[in-house]
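All remarks here apply to the structure that follows.
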Amino acid sequence: MARLYDSRKRVMVTGGAGFIGSHLIDRLIQEGHEVLCVDNLFTGTKRNIDHLHGNPRFEFLRHDVTFPLYVEVDEIYNLACPASPIHYQYDPVQTTKTSVHGAINMLGLAKRLSCPIFQASTSEVYGDPHQHPQTESYWGNVNPIGPRSCYDEGKRCAETLFFDYQRQHGLEIRVARIFNTYGPRMHHADGRVVSNFIVQALRGEPITLYGDGSQTRAFCYVDDLVEGMIAMMQAGQEASGPINLGNPVEFSIAELAEQVVALVGSRSEIVYKPLPQDDPTQRCPDISRAQSLLNWQPVTTLETGLHSTVGYFQTLLQELESA
Ligand code: NAD
Ligand code: UDP
């Protein structure tokens, strides 16, 4: 059953025009909150929030979180940051600035307002992990100078800032380590594996499998993730985290390719491409902490989640082709 907030609030979501942020906003609005969506539209699109325009409880502010922001809200979810390797490697310096300066600015705002603040951290803080599945106590295996480092180290530094603001200023924080999440409103050209495979299968283009496809990921459907984020915000200080939020069912990337091709009924063939540098060989969350503290676990199977994601991309590709 969906969790409900106790009372109505003014909630700010940075990165709210992005994939996950826009679903979070839908959920917050459904519960009767007022939402301020803050986004610079680097990877997010107005299309993701179009349906909210005209809603008196929704407001959009085009703003870059690397600059200070003065607003009045009761709660902050900090999601602003490009999430796909193609996007975060496009301007790596800006990616680090978004994670680090963005965190400092949003934490400063939360401190002035004495309000709780949620950070969308990532499984990338574990790097190419030596522990499997990953528990929150694992410190990770991250290359500090590689092409993924702007994102991984930026997010690690943001976590440090969140816990220092908690220790130093008594701020109420929530830090979630989000694992691979997919669903409608993913960017069709962001290079992430689920969107790539679905778009390729729908267009009848070759499916690009990097490496031999034996590397693993665990895919969480976006509705399940949003449920976990809300549960964390609603829980008390014991849910400061970090808490892994993800689906613990692990698949090889080759298995994912087969599932997508079968689901779409596509004739796409699989082509093998080189594995990108520092591509983690396996990743799967241990979600015991989320289960015990939040009574949360994902409920959507990969097949069900892929089904609705394929439906979204079918419509999107038709729109893009007729535009
Ligand atoms: P996304 O790229 O769709 O959304 C990110 C949003 O942040 C976009 O709307 C973008 O325009 C905005 N943004 C980027 N830089 C900004 C800046 N400087 N100022 C203001 N807005 C800015 O990505 P997503 O998948 O929705 O990810 C949302 C958050 O969740 C990110 O912080 C990401 O690191 C984290 N996360 C996502 C995943 C995943 O699998 N999708 C996994 C782990 C963590
Ligand atoms: N991947 C792939 N083909 C693609 C895109 C990605 O085989 O067209 C692989 C990629 O090398 C990685 C996995 O799929 O091993 C997940 O990649 P993604 O970029 O979605 O997420 P991340 O590596 O950040 O978990």
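Atoms within each ligand, like the ligands themselves, are counted from 1 in listed order.
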Out of [options], who is nearest to [atom] when you count heavy atoms only?
{"atom": "atom 31 (C) of ligand 1", "options": "Thr14, Leu79, Asn78, Val38", "value": "Leu79"}
{"atom": "atom 40 (O) of ligand 1", "options": "Leu69, Val125, Thr181, Thr122", "value": "Thr181"}
{"atom": "atom 20 (O) of ligand 2", "options": "Thr122, Asp212, Val193", "value": "Val193"}
{"atom": "atom 44 (C) of ligand 1", "options": "Ser121, Ser99, Gly183", "value": "Ser121"}
{"atom": "atom 36 (N) of ligand 1", "options": "Tyr151, Phe19, Phe42, Tyr77", "value": "Tyr151"}

In the protein, what heavy atom is nearest to [atom], and what distance, to one decimal place, separates them?
{"atom": "atom 3 (N) of ligand 2", "value": "Thr208 O, 2.6 Å"}
{"atom": "atom 43 (C) of ligand 1", "value": "Ile178 O, 3.1 Å"}
{"atom": "atom 17 (C) of ligand 1", "value": "Asn40 ND2, 3.3 Å"}
{"atom": "atom 6 (C) of ligand 1", "value": "Gly15 CA, 3.6 Å"}
{"atom": "atom 10 (C) of ligand 2", "value": "Asp279 OD2, 3.3 Å"}
{"atom": "atom 1 (N) of ligand 2", "value": "Tyr210 CD1, 3.3 Å"}
{"atom": "atom 5 (C) of ligand 1", "value": "Cys81 O, 3.2 Å"}
{"atom": "atom 21 (O) of ligand 2", "value": "Asn180 ND2, 3.4 Å"}
{"atom": "atom 18 (N) of ligand 1", "value": "Asp64 OD1, 2.9 Å"}
{"atom": "atom 37 (C) of ligand 1", "value": "Ile20 CD1, 3.7 Å"}
{"atom": "atom 23 (O) of ligand 1", "value": "Ala83 CB, 3.5 Å"}
{"atom": "atom 25 (O) of ligand 2", "value": "Arg217 NE, 2.7 Å"}
{"atom": "atom 9 (O) of ligand 1", "value": "Asp39 OD2, 2.5 Å"}

Considering the heavy atoms of [X], write down every atom of ligand 2 situated less than 4.0 Å from one of them.
{"X": "Gly191", "answer": "5 (C)"}
{"X": "Arg283", "answer": "25 (O)"}
{"X": "Leu209", "answer": "7 (O)"}
{"X": "Asn196", "answer": "4 (C), 5 (C), 8 (O)"}
{"X": "Glu124", "answer": "24 (O)"}
{"X": "Gln215", "answer": "9 (C), 11 (O), 15 (O)"}

For the residue pair Ala235 and Arg174, what are the closest heavy atoms and their distance?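 Taking every non-hydrogen atom into account, O-NH2, 2.7 Å.
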Gly246 and Pro285: which non-hydrogen atoms are nearest, and at how many Å?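 Shortest heavy-atom contact: C-CG, 3.9 Å.
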Could you tell me, atom by atom, which parts of ligand 1 come under 4.0 Å of a heavy atom of [X]?
{"X": "Gly44", "result": "8 (C), 9 (O), 10 (C), 11 (O)"}
{"X": "Gly18", "result": "3 (O), 4 (O), 8 (C), 9 (O)"}
{"X": "Asn180", "result": "40 (O)"}
{"X": "Lys155", "result": "31 (C), 32 (O), 33 (C), 34 (O)"}
{"X": "Ala80", "result": "7 (O), 20 (C), 21 (N), 22 (C)"}
{"X": "His63", "result": "19 (N), 20 (C)"}

Rounded distance (nearest 0.5 Å) linking atom CG of Asp279 with atom OH of Tyr210: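 Going from CG on Asp279 over to OH on Tyr210, the span is 9.5 Å.
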Interatomic spacing from CG in Asp152 to SG in Cys157 - rounded to 0.5 Å: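 The distance works out to 13.0 Å.
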Has [X] got any heavy atom lying under 4.0 angstrom from an atom of ligand 1?
{"X": "Lys97", "result": "no"}
{"X": "Gly102", "result": "no"}
{"X": "Gln94", "result": "yes"}
{"X": "Arg192", "result": "yes"}

Are side-chain N/O atoms of [X] and [Y] paired as donor and acceptor at under 3.5 Å?
{"X": "Asp128", "Y": "Thr281", "value": "yes"}
{"X": "Glu59", "Y": "His53", "value": "no"}
{"X": "Tyr272", "Y": "Thr208", "value": "no"}
{"X": "Ser121", "Y": "Glu159", "value": "yes"}
{"X": "Arg177", "Y": "Tyr126", "value": "yes"}
{"X": "His169", "Y": "Asp164", "value": "no"}

Salt bridge check, [Y] against [X]: does any charged N sit closer than 4.0 Å to a carboxylate O?
{"X": "Glu72", "Y": "Arg112", "result": "yes"}
{"X": "Arg10", "Y": "Asp74", "result": "yes"}
{"X": "Arg57", "Y": "Glu34", "result": "no"}
{"X": "Glu172", "Y": "Lys111", "result": "no"}
{"X": "Glu124", "Y": "Arg283", "result": "yes"}

Ligand 2 contact on [X] by region, counting heavy-atom pairs under 4.0 Å:
{"X": "Pro85", "value": "side chain"}
{"X": "Lys273", "value": "neither"}
{"X": "Ile253", "value": "side chain"}
{"X": "Ser123", "value": "neither"}

With backbone taken as N, CA, C and O and side chain as the heavy atoms from C-beta onward, which portion of [X] lies under 4.0 Å from ligand 1: side chain, backbone, both, or neither?
{"X": "Leu41", "result": "backbone"}
{"X": "Glu124", "result": "neither"}
{"X": "Ser84", "result": "neither"}

Test your reading of the structure: does Val65 have an N or O sitting under 3.5 Å from an N or O of ligand 1?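 Yes - when backbone and side-chain N and O of Val65 are compared with those of ligand 1, one distance drops under 3.5 Å.
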For ligand 1, find out whether one of its N or O atoms is nearer than 3.5 Å to an N or O atom of Thr43.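 The answer is yes, given that Thr43 and ligand 1 share an N or O pair closer than 3.5 Å.
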Partner of Asp190 by side chain to side chain donor-acceptor pair (under 3.5 Å), out of His188, Arg192, His187: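 For Asp190, the side chain to side chain donor-acceptor pair (under 3.5 Å) test succeeds with only one of His188, Arg192, His187, which is Arg192.
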Going by heavy atoms, is Arg148 under 4.0 Å from ligand 2?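 Yes, Arg148 has a heavy atom closer than 4.0 Å to ligand 2.
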